[in-house]
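Below: the structure, in structure tokens.
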Amino acid sequence: MNMNMAHDARTGGVLVLDYGSQYTQLIARRVREHGVYAELYPWNVPAETALALEPNGIILSGGPHSVYGEDAPSLPTWVIESKLPVLGICYGMQLITRVLGGQVNRAAEREYGHAVLTRGAENTDPLFSGLPSSLDVWMSHGDRIDQPPAGFISLGASQNSPYAAIGDPARRWYGVQFHPEVVHTAHGHDILQRFTVDICACDTSWTPANFAEQAITNIRERVQDGRVIMGLSGGVDSLVAATLIHRAIGDRLVSIFVNTGLLRAHEPTTVAETARTTVGINLVAVDATERFLEALQGVTDPEKKRKIIGRLFIKVFEEEAARIQNVAFLGQGTIYPDVIESAAKDRPNAQVIKTHHNVGGLPEDMSLELIEPLRYLFKDEVRRLGLELGLPEEIVWRQPFPGPGLAIRCLGEVNFQRLETLRAADKIYREALQAAGLMREVSQAYAALLPVKSVGVMGDQRTYAETIVLRAVTTEDFMTADWARLPYELLAEVSNRIVNEVDGVNRVVYDISTKPPATIEWE
């Protein structure tokens, strides 16, 4: 796995080996909260690639497999030979146990969700130092440890797992059956700190400022005298990435703003003004509305929509690049949550949730080389970096907007009239949230248009019109999310305005689904 914007401060951190868990990137994010750099690699990464980072420790993630399965991922021999501290989480713990001679068996009763970890009174191991003897933890497993390897002792048990936490303090190898990276595990944050800072003695100097300085240096070294083109969507990710590249090479970055016809109300104007006046970016505006709507005509499958949009984006970029000499690179605002949900390429043991146009929809014969300075940052880290770069708060805290735009919020057929309907409803919703002071309280909020018609009555007349769904979520990391408990009065106001002001809509509903099982976007 290539990290375009690696930086010197990452040495002395931890490697997270990915075994396919949907929480893997969350492990890295939690570790970084302690100022410790964590970098993710697939479990079968070559030893020379991983150890080149001079890590102080290794974390093995969870995963969907059983260690006894035919295609079960294995533990690389270089991990054992490295003599580094290791923490195995869920599948990672079971893998350690089996490889080192312990016994892993199918549990009589599986544990999914809340459980209680009880530690023995004699437990003074540094992994749990200073923590309560009883901890609420989050489990997700069907196998369990029945006999730990030689040298390992029990550090805690749950109702169904006699060895829910084990350790070999002399070797500094540990395993936990639960997931310390999720917020549902009490003191999970502390457990990761004790492993990375106390046991591994990792450096704690990783900050957005350090990242920005080294990223700018790396961009200069990589691009040399070349030029970069980059698409701006108006979202914080692409703008922060463009700002980093602009700081590195100045006007040799040409940012291309493509009006796809899939943007929110007034965005074609505001995006261009922000880029030119706030950052000073050399911007080319391209109106490709007709091309995108023609390409999407009759397409209703969300994966096809995403791939069509991604490929057409690249085609437009390459057409513009042909007008500019010495362009060899394409800049993108890809971030970690994009990567995890487009898992097929980089994470062979994970399941694809959906393809993001900027990581899964690019053509194999693309002539431009990618520059992705934010590829391994989480959304909250991108915002911190944006503030560090001096971007205004109103830009940094702008609501996230997907690369495919309103095409994936306009479920079913995408055409100009349905997009106009959606734009009008979404504008009303966002204006109401802003007026109520709630835009910073919710992590993401938007309106979507459903391909569902229902009977209504307006002015004593029967109507048969479409449905708008309102979505608002709260989240720390965009890997998991809860639905926002918006005031009933606000929802009533928005519903009333949409039905009365937006033609073709006679029903408004509110989405109260969490992620998982739902995703934040509808498509």
Side-chain angles (χ1 to χ4, degrees), residues 14 16 19 21-24 26-27 29-31 33-34 57-64 66-67 85-98 100 102-149 151-200 476 479-480:
V14 297
V16 180
Y19 285 91
S21 169
Q22 291 298 313
Y23 299 131
T24 302
L26 189 53
I27 299 171
R29 179 185 177 277
R30 296 297 186 208
V31 169
E33 290 175 357
H34 301 292
I58 300 169
I59 297 178
L60 312 178
S61 84
S66 167
V67 291
V86 174
L87 172 64
I89 296 174
C90 197
Y91 179 85
M93 174 195 191
Q94 296 163 11
L95 191 59
I96 287 173
T97 300
R98 188 184 185 206
L100 297 183
Q103 292 182 8
V104 181
N105 296 311
R106 175 65 63 181
E109 296 184 27
R110 296 180 295 177
E111 285 184 306
Y112 291 101
H114 173 265
V116 176
L117 177 75
T118 302
R119 300 167 51 224
E122 71 286 355
N123 182 356
T124 59
D125 190 86
L127 188 66
F128 294 96
S129 177
L131 300 185
S133 59
S134 179
L135 296 174
D136 292 329
V137 297
W138 190 259
M139 295 282 197
S140 181
H141 68 100
D143 292 344
R144 74 176 195 178
I145 311 302
D146 283 330
Q147 179 62 50
F152 282 75
I153 59 173
S154 174
L155 300 179
S158 68
Q159 182 177 353
N160 296 316
S161 297
Y163 297 99
I166 59 175
D168 182 343
R171 192 177 192 176
R172 298 183 298 169
W173 276 48
Y174 296 89
V176 293
Q177 188 64 74
F178 57 90
H179 289 270
E181 69 272 24
V182 302
V183 296
H184 309 291
T185 293
H187 297 284
H189 191 76
D190 297 319
I191 292 169
L192 290 175
Q193 181 183 39
R194 280 156 176 71
F195 177 72
T196 58
V197 179
D198 299 339
I199 295 171
C200 298
E476 291 184 1
M479 302 302 300
T480 61

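Since the structure is predicted, the reported quantities are computational estimates derived from the model, not experimental observations. The analysis underlying the following values was restricted to heavy atoms, covering all of them including side chains, and did not include hydrogens, waters or symmetry mates.
- Taken from CG in L87 to OG1 in T196, the straight-line distance is 9.5 Å, to the nearest 0.5 Å.
- Scanning for ring pair (Phe, Tyr, Trp, His ring centres under 6.0 Å) contacts around H179 gives Y23, with sequence neighbours left out.
- For the residue pair C200 and P85, the shortest heavy atom distance occurs at SG-CB, 3.7 Å.
- The shortest distance between side-chain heavy atoms of V104 and I145 falls below 4.5 Å.
- R144 is listed as a side-chain neighbour of P162, based on a closest heavy-atom distance under 4.5 Å.
- To the nearest 0.5 Å, atoms CD (E33) and CZ (R29) are separated by 4.5 Å.
- I166 pairs in a side-chain contact (heavy atoms from CB on, under 4.5 Å) with only one of the listed residues (T97, I153, I96), which is T97.
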Distance-only donor-acceptor pairs under 3.5 Å for side chains of residues 127-136, two or more places apart:
{"from": "D136", "atom 1": "OD1", "to": "H114", "atom 2": "NE2", "distance (Å)": "3.1"}

Steps toward side chain to side chain contact (heavy atoms under 4.5 Å, CB included) verdict (T480, V183)
CA-CA 10 Å; T480 61; V183 296; 5.6 Å; no

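- Pairs passing the ring-ring contact (aromatic ring centres under 6.0 Å, His included) check and including a residue from residues 154-175, sequence neighbours excluded, do not occur.
- With rounding to the nearest 0.5 Å, the separation of SG in C90 from CG in L95 is 11.5 Å.
- A distance of 10.5 Å separates CD of Q177 from CG of N160, quoted to the nearest 0.5 Å.
- Using modelled atom types, one side-chain atom of H34 and one backbone atom of H189 make a donor-acceptor pair closer than 3.5 Å.
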With side chain to side chain contact (heavy atoms under 4.5 Å, CB included) as the criterion, how do S61 and Y91 come out once you've worked through the C-alpha distance, each side chain's angles and the decisive distance to 0.1 Å?
CA-CA 7 Å; S61 84; Y91 179 85; over 6 Å; no

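- With contacts defined as side-chain heavy-atom distances shorter than 4.5 Å, the pair L100/R171 qualifies.
- Among L60, I199, V14, the single residue meeting the side-chain contact (heavy atoms from CB on, under 4.5 Å) criterion with V86 is L60.
- A 4.5 Å side-chain heavy-atom check between I27 and I89 finds at least one atom pair inside the cut-off.
- The shortest heavy-atom contact between D125 and P169 is OD1-CG, 3.1 Å.
- The line from CG of D198 to CG of D190 is 10.0 Å long, rounded to the nearest 0.5 Å.
- To the nearest 0.5 angstrom, F195 atom CZ is 8.5 Å from R172 atom CZ.
- The side-chain heavy atoms of M139 and S158, taken from C-beta on, include a pair separated by under 4.5 Å.
- R30 places a side-chain N or O within donor-acceptor distance of the main-chain N or O of E181, the cut-off being under 3.5 Å.
- Taking every heavy atom of both residues into account, I59 and V31 meet most closely at CD1-CG2, 4.1 Å.
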